[in-house]
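Letters go in sequence order (proteins before strands), and every chain restarts at 1.
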Amino acid sequence: MSDYANPGVLVSTQWVEEHKHDPNVRVVEVDVDTAAYGHGHIPGALGWNWQSQLCDTVRRDIIPKKEFENLMSASGIGQDTTVVLYGDNNNWFAAWAFWQLKIYGHQSLKLMNGGRKKWLAEGRELTKEVPKYPRANYRASAPDFSLRAMMQPVYKAMENRSAVLIDVRSPAEFTGEILAPPGLPETCQRGGHIPGAKGIPWSVACNEDGTFKSADELKKIYGDKGVNGDQPVIAYCRIGERSSLTWFVLKYLLGYQDVRNYDGSWTEWGNLVGAPVERGAGS
Amino acid sequence: MKAEEHQERNEQFGRWQIHIVSYKFDEKWICTVDNVSPGANVSSATGATREEAEKKALERAKERLAATRVTPV
């Protein structure tokens with residue numbers, strides 16, 4: 001059995017149990033359900049709100065560099081701190097935070113394999129106590145936008161097939177049957193997918209307990225769909241968090257070199273006037 | 001403190017499958033409901049008993065799921 005290309009980016013729940021109070025380790029929970037942290041979290045873990053702390057709250061964008069530095073500093077995180085991210089929904093927004101921390105050049109960064117789901121299912125310790133850490137003085141790198149795809153390059157990739165586009169939403173979102181995940185507000189005008197995109201839901205990468213499938217399984221799953229690392233890849237979903245998870249899998253677990261996350265995703269493309277849309281199962 | 005009596009199950013609501021998780025923590029029951037495909041959180045609620053937390057979360061989830069428009073393709 002082969003190992004992940006970068007096994008150091010994943011830690012187990014047991015590793016977190018043993019290292020959660022290490023001074024050079026900062027555990028951070030990032031959830032889809034922003035109330036989840038308040039219902040109980042890993043002792044010593046901080047909670048980041050993706051809506052108010054990991055987004056530009058004026059224009060639609062990731063958090064600006066200065067605010068990112070402030071968030072890291074206020075969390076007591078220095079450039080050398082090992083940050084362990086975890087969250088609900090199989091680490092959707094934890095992966096999104098991971099992607100942003102990589103954009104700003106944080107080096108020692110890990111996801112807790114299985115996320116909040118596994119920690120809870122294993123009956124591990126929780127607390128409601130919000131920890132306080134001495135402020136650090138964080139200096140981010142210049143943003144590495146090679147990890148991110150904006151709309152125009154995605155449009156070009158669609159036209160000239162210069163990258164594999166992966167739509168990681170559910171089959172019903174991909175075909176255009178529904179405009180948003182069942183039960184969530186509709187956030188686009190049109191349903192379907194970017195012409196030529198392959199529909200490979202994020203969940204194919206995960207086991208029932210929330211952990212990632214083995215390297216061999218992942219290679220086979222994506223390889224069978226023609227995604228094997230020999231072409232640039234752009235992943236997208238609805239708002240960019242599920243695609244962060246697939247980006248993480250392809251970039252770090254499988255080690256594909258050129259993988260970008262299109263965080264504009266379907267809420268951008270499905271609202272663009274004149275943008276080509278394909279409905280149905282696709283080609 | 002630890003989460004106690006963690007339980008999860010799947011149910012069908014109309015055409016949507018839902019995944020219900022409930023557990024007790026710090027004298028309170030917590031229930032979350034997701035939509036399985038894609039797995040997005042649809043609702044969550046707390047209550048004094050598991051039944052109360054599940055009832056509240058399921059009511060909200062079903063209300064939201066019922067509002068999902070499906071366009072045949």
Side-chain angles (χ1 to χ4, degrees), chain A residues 31-36 38-41 43 87-90 92-93 116-117 119-129 168-186 190-192 201-203 206 208-210 237-239 241-242 245 278-282, chain B residues 1-48 50 52-54 56-73:
Chain A
D31 298 307
V32 177
D33 175 5
T34 53
H39 292 323
H41 52 266
D88 62 0
N89 286 54
N90 289 68
W92 283 8
F93 271 102
R116 182 179 169 90
K117 172 181 178 162
W119 187 273
L120 282 175
E122 290 173 343
R124 293 184 186 273
E125 195 182 355
L126 293 172
T127 184
K128 286 186 176 175
E129 192 181 321
V168 312
R169 296 174 300 159
S170 62
E173 293 171 274
F174 180 81
T175 60
E177 260 190 303
I178 55 176
L179 296 179
L184 269 63
E186 292 177 352
R190 293 291 180 270
W202 68 273
S203 55
C206 296
E208 272 296 304
D209 66 356
C237 57
R238 184 177 69 111
I239 54 173
E241 90 290 29
R242 284 178 273 174
L245 193 94
E278 190 170 62
R279 286 170 63 81
Chain B
M1 288 186 289
K2 294 179 176 179
E4 297 167 15
E5 300 182 56
H6 182 273
Q7 279 185 10
E8 47 189 306
R9 67 182 190 279
N10 284 6
E11 279 184 14
Q12 195 73 26
F13 176 68
R15 73 165 277 178
W16 313 117
Q17 199 178 24
I18 52 176
H19 177 233
I20 303 149
V21 177
S22 58
Y23 57 92
K24 187 183 179 190
F25 177 65
D26 195 19
E27 300 305 313
K28 196 157 64 171
W29 288 86
I30 297 159
C31 176
T32 60
V33 179
D34 74 66
N35 54 23
V36 181
S37 178
N41 181 278
V42 180
S43 68
S44 61
T46 58
R50 186 194 298 276
E52 185 190 335
E54 286 194 358
K56 284 198 277 186
L58 280 166
E59 276 174 4
R60 268 180 224 158
K62 288 177 177 178
E63 197 177 295
R64 289 171 185 172
L65 289 164
T68 302
R69 291 189 302 156
V70 177
T71 309
V73 289

Query - Which portion of B:Glu8 sits near chain A, non-hydrogen atoms under 4.5 angstrom - result: side chain
Query raised in the report: Above 12 or not: heavy atoms from other molecules or residues under 6.0 Å from CZ of B:Arg69?
Result: no
Query raised in the report: Which one of A:Asp33, A:Val32, A:Asn90 has the most heavy-atom pairs closer than 4.5 Å to chain B?
Result: A:Asp33
Query - Top contributor to chain A contacts, counting heavy-atom pairs under 4.5 Å, from B:Gln7, B:Glu5, B:Lys62, B:Arg15 - result: B:Arg15
Report task. Answer with side chain, backbone, both or neither: which region of A:Thr175 has an atom nearer than 4.5 Å to a non-hydrogen atom of chain B? Result -> both
Requested in this report: Examine whether an atom of B:Arg60 lies under 4.5 Å from a heavy atom of chain A, and if so say whether it belongs to the side chain, the backbone or both; otherwise answer neither.
Outcome: neither
Query - B:Ser43 versus chain A, the contacting section by heavy-atom distance below 4.5 Å - result: neither
Query raised in the report: How far does CD1 of A:Ile178 sit from CH2 of B:Trp16, to the nearest 0.5 angstrom?
Result: 4.5 Å
**Report entry** Heavy-atom side-chain proximity of B:Pro38 to A:Pro201 below 4.5 angstrom
**Finding:** no
Report task. Give a yes or no on whether the backbone of A:Pro182 and the side-chain of B:Asn35 come within a donor-acceptor separation of less than 3.5 Å. Result -> yes
Report summary line: Rounded to the nearest 0.5 angstrom, the NZ-NE2 distance for A:Lys117 and B:His6 is 8.5 Å
Query raised in the report: How long is the span from the CG atom in A:Leu184 to the CZ atom in B:Arg64, to the nearest 0.5 Å?
Result: 8.0 Å
Query raised in the report: Can you say whether A:Arg279 sits under 4.5 Å from chain B via the side chain, the backbone, both, or neither, judging by heavy atoms?
Result: side chain
Requested in this report: Measure the OG1-CG distance between B:Thr71 and A:Leu179 for me, rounded to the nearest 0.5 Å.
Outcome: 6.0 Å
Query raised in the report: Tell me, do B:Val70 and A:Glu177 make a side-chain contact under 4.5 Å, heavy atoms counted?
Result: yes
**Report entry** Heavy-atom proximity to chain B below 4.5 Å, by part of A:Trp202
**Finding:** side chain
Query raised in the report: In terms of heavy-atom proximity below 4.5 Å to chain B, should A:Glu186 be classed as side chain, backbone, both, or neither?
Result: side chain
Report task. Please confirm whether the backbone N or O of B:Ala40 pairs with a side-chain atom of A:Trp92, one donor and one acceptor, at under 3.5 Å? Result -> no
Query - Residue part contacting chain A, namely of B:Asp34, when any heavy atom lies under 4.5 Å - result: neither
